[in-house]
Chemist: 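Before I ask anything, here is the structure I am working with.
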Amino acid sequence: MEITQLQMTFTSACAQASSVKALDEVRVDFLGKKGLLTEAMKALGAMNPEERKAYGQKLNTLRATIEADLSAQKEKFQERELSQRLVTEAVDITLPVDGAHEGKLHPFSQGMHEALHIFSGMGFEVVEGPDIETDYNNFTALNIPESHPARQMQDTFYLNGCDEKGLPLVLRTQTSPVQIRTMTGKAPPFKIVVPGRTYRSDSDATHTPNFHQIEGLYVDKGIHMGHLKATLYDFFRHFFAVENLTIRFRPSYFPFTEPSAEMDVNCTRDKGIVRLGVGTDWLEVLGCGMVHPHVLRQCGVDPDEYQGFAFGMGVERITMLKYGMSDLRAFFDGDSRWSDHYGFSASRSFHWAKW
């Protein structure tokens, strides 16, 4: 078949195609293993070098034309089919909600909003910061030495490149860098809570590489451990809705607080179910302590004049405890059955405890 006739045949076949499927059949008829253009290319072997060169160039030009025409026509068909689907599959969003298919608020969102609402009622300001932090803000300014295990690659996600000051960048392992940004940005007193995503190289039933924290910081004159204890007791009593909740503090160690402690709440465990406020068992809920003088001094705050406390808790963890969940990984599975079971109706979610 001559090239001109081959091109006319393609043009006619392409014009008759009325859908993406029909157009794909045209492509196979001309460019497939046994297509017309492919067969014409096979005939080049029987020609002399000069004929082969001239005829081959024309065939290659025709192939490029056919591919471009097919692509343009396919795009038109896809746009037309999309327009038809938008018309036939349109949803009238003004219709009343079908109660059987009502969306649910994720338990994490409920837990985060409840916690922030309680802290706001206690006079804490909600402050946020970037997920990508400098190594200085995430570690050095928090009195974490270079030899500390948390700096190692198995715990921290380090990023390529540095900031404008040449400082290494990391995905923050805690929301504490926002405390550093706050204290270096203005004069005390500071009374803030910091919600946000954090990242660590860890994954099991109670740990995920990406999780959320709420950290608190209160710096002023005359602040002591009694203020810290009263704040956390009132918070968890309201958050867990347990009036007779018992708490205890155990000595611990964190580079950025001195003294440091971990806080437990009383509970009982029965067949894998944890009940708070009853029994003689204990469950850890957070770490806390008095802000280390070195941290205050690093941020330009005089530790001889100002003192403060800090605490940090995992939002998913306290939400799991409140609503009786057993596996942290289910928070991120996106399983609608799990959301239907544990989720909250958006119209009935935020019924806060009275403060």
Side-chain angles (χ1 to χ4, degrees), residues 1-106 108-109 130-132 157-161 169 171 197 199 203 208-210 329-341 343 345-346:
M1 186 180 294
E2 294 295 330
I3 292 180
T4 302
Q5 184 181 357
L6 191 61
Q7 186 169 7
M8 292 175 61
T9 303
F10 167 75
T11 302
S12 175
C14 193
Q16 295 176 18
S18 59
S19 65
V20 173
K21 182 179 179 181
L23 196 65
D24 191 59
E25 293 176 356
V26 174
R27 180 190 63 80
V28 173
D29 290 342
F30 284 85
L31 303 180
K33 290 184 177 181
K34 296 183 179 180
L36 296 176
L37 186 62
T38 305
E39 293 297 326
M41 297 288 284
K42 293 179 180 178
L44 292 174
M47 298 180 180
N48 60 53
E50 292 183 0
E51 290 178 333
R52 184 185 306 123
K53 180 178 179 181
Y55 197 68
Q57 288 177 346
K58 293 179 180 180
L59 288 177
N60 285 331
T61 300
L62 179 58
R63 172 182 284 275
T65 301
I66 290 176
E67 290 176 344
D69 289 348
L70 287 172
S71 178
Q73 189 75 351
K74 182 178 181 180
E75 186 175 345
K76 290 181 181 179
F77 286 149
Q78 289 175 334
E79 290 179 355
R80 186 181 66 186
E81 291 177 1
L82 177 59
S83 298
Q84 292 173 347
R85 287 183 59 194
L86 290 175
V87 173
T88 58
E89 299 178 11
V91 177
D92 185 355
I93 61 173
T94 64
L95 291 174
V97 175
D98 180 356
H101 300 89
E102 181 183 8
K104 295 294 186 67
L105 189 70
H106 197 283
F108 160 75
S109 299
D131 289 11
I132 297 177
F157 293 105
Y158 284 86
L159 305 180
N160 293 327
L169 297 174
L171 289 177
R197 294 178 182 268
Y199 308 84
S203 181
T208 62
N210 168 215
R329 292 169 292 192
F331 273 66
F332 307 96
D333 285 344
D335 190 329
S336 60
R337 296 168 300 179
W338 185 88
S339 298
D340 288 340
H341 179 72
S345 170

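Along the sequence shown, residues are numbered consecutively beginning with 1. All figures in this text were calculated on a predicted structure; none of them were measured in a lab.
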Chemist: Return the set of residues passing side-chain hydrogen bond (donor to acceptor under 3.5 Å, both in side chains) with R197 (not counting sequence neighbours), or none when no residue passes.
Modeler: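 N210.
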Chemist: Tell me which pairs pass salt bridge (Lys or Arg N to Asp or Glu O under 4.0 Å) where either residue lies in residues 38-48, with sequence neighbours left out.
Modeler: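 Only E39-K42 qualify under salt bridge (Lys or Arg N to Asp or Glu O under 4.0 Å).
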Chemist: Measure across D24 and R27 and return the closest heavy-atom pair with its distance rounded to 0.1 Å.
Modeler: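 In this case the closest contact between D24 and R27 is OD1-NE, 2.9 Å.
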Chemist: Can you tell me if CG on D92 sees more than 12 non-hydrogen neighbours from other groups inside 6.0 Å?
Modeler: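 Counting neighbours around CG of D92, more than 12 heavy atoms of other residues, nucleotides or ligands fall under 6.0 Å, so yes.
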Chemist: Could you work out, with salt bridge (charged side-chain N to carboxylate O under 4.0 Å, His left out) as the rule, every residue matching E50, not counting sequence neighbours?
Modeler: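 Partners of E50 under the salt bridge (charged side-chain N to carboxylate O under 4.0 Å, His left out) test: none.
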Chemist: Are any of the side-chain heavy atoms of L70 and F10 separated by less than 4.5 Å?
Modeler: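 Result yes, sub-4.5 Å side-chain heavy-atom pair found.
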Chemist: Compare every heavy atom of L159 with every heavy atom of I132, then report the nearest pair and how far apart it is.
Modeler: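 Of all heavy-atom pairs spanning I132 and L159, the closest is CG2-CD1, 3.6 Å.
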Chemist: Could you tell me whether Y199 and F157 have their ring centroids closer than 6.0 angstrom?
Modeler: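 Between Y199 and F157, the centre distance exceeds or equals 6.0 Å.
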Chemist: Decide yes or no for T11 and M8: does some side-chain heavy atom of the first lie under 4.5 Å from some side-chain heavy atom of the second?
Modeler: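 Not in contact.
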Chemist: Looking at side-chain heavy atoms only, is the closest gap between L44 and M47 below 4.5 Å?
Modeler: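 Yes - at least one pair of side-chain heavy atoms lies under 4.5 Å apart.
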Chemist: Judged by atom type as modelled, is there a donor-acceptor pair below 3.5 Å linking the side chain of T38 to the main-chain atoms of G32?
Modeler: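 A pair under 3.5 Å: yes.
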Chemist: Name all pairs fulfilling the salt bridge (Lys or Arg N to Asp or Glu O under 4.0 Å) condition that reach into residues 61-70, sequence neighbours left out, sorted by first residue then second.
Modeler: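 As it turns out, the salt bridge (Lys or Arg N to Asp or Glu O under 4.0 Å) pairs with a partner in residues 61-70, which skip direct neighbours, are R63-E67.
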Chemist: Which heavy-atom pair separates I66 from F30 by the least distance, and what is that distance?
Modeler: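 Shortest heavy-atom separation between I66 and F30 comes out as CD1-CD2, 4.4 Å.
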Chemist: For a quick test of your reading: what N or O donor-acceptor pairs under 3.5 Å do the side chains of residues 72-90 make, sequence neighbours left out?
Modeler:
from	atom 1	to	atom 2	distance (Å)
R80	NH2	S18	O	2.7
S83	OG	E79	O	3.0
R85	NE	E89	OE2	3.3
T88	OG1	Q84	O	3.0
T88	OG1	R85	O	3.4

Chemist: Tell me the closest heavy-atom pair linking C14 and V26, and the distance in Å.
Modeler: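 Looking at all heavy atoms of both residues, the closest pair is N-CG1, 4.5 Å.
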Chemist: Residues two or more places apart in sequence or in another chain: which of them pass salt bridge (charged side-chain N to carboxylate O under 4.0 Å, His left out) with D29?
Modeler: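 Counting only residues at least two positions away or on another chain, D29 forms no salt bridge (charged side-chain N to carboxylate O under 4.0 Å, His left out).
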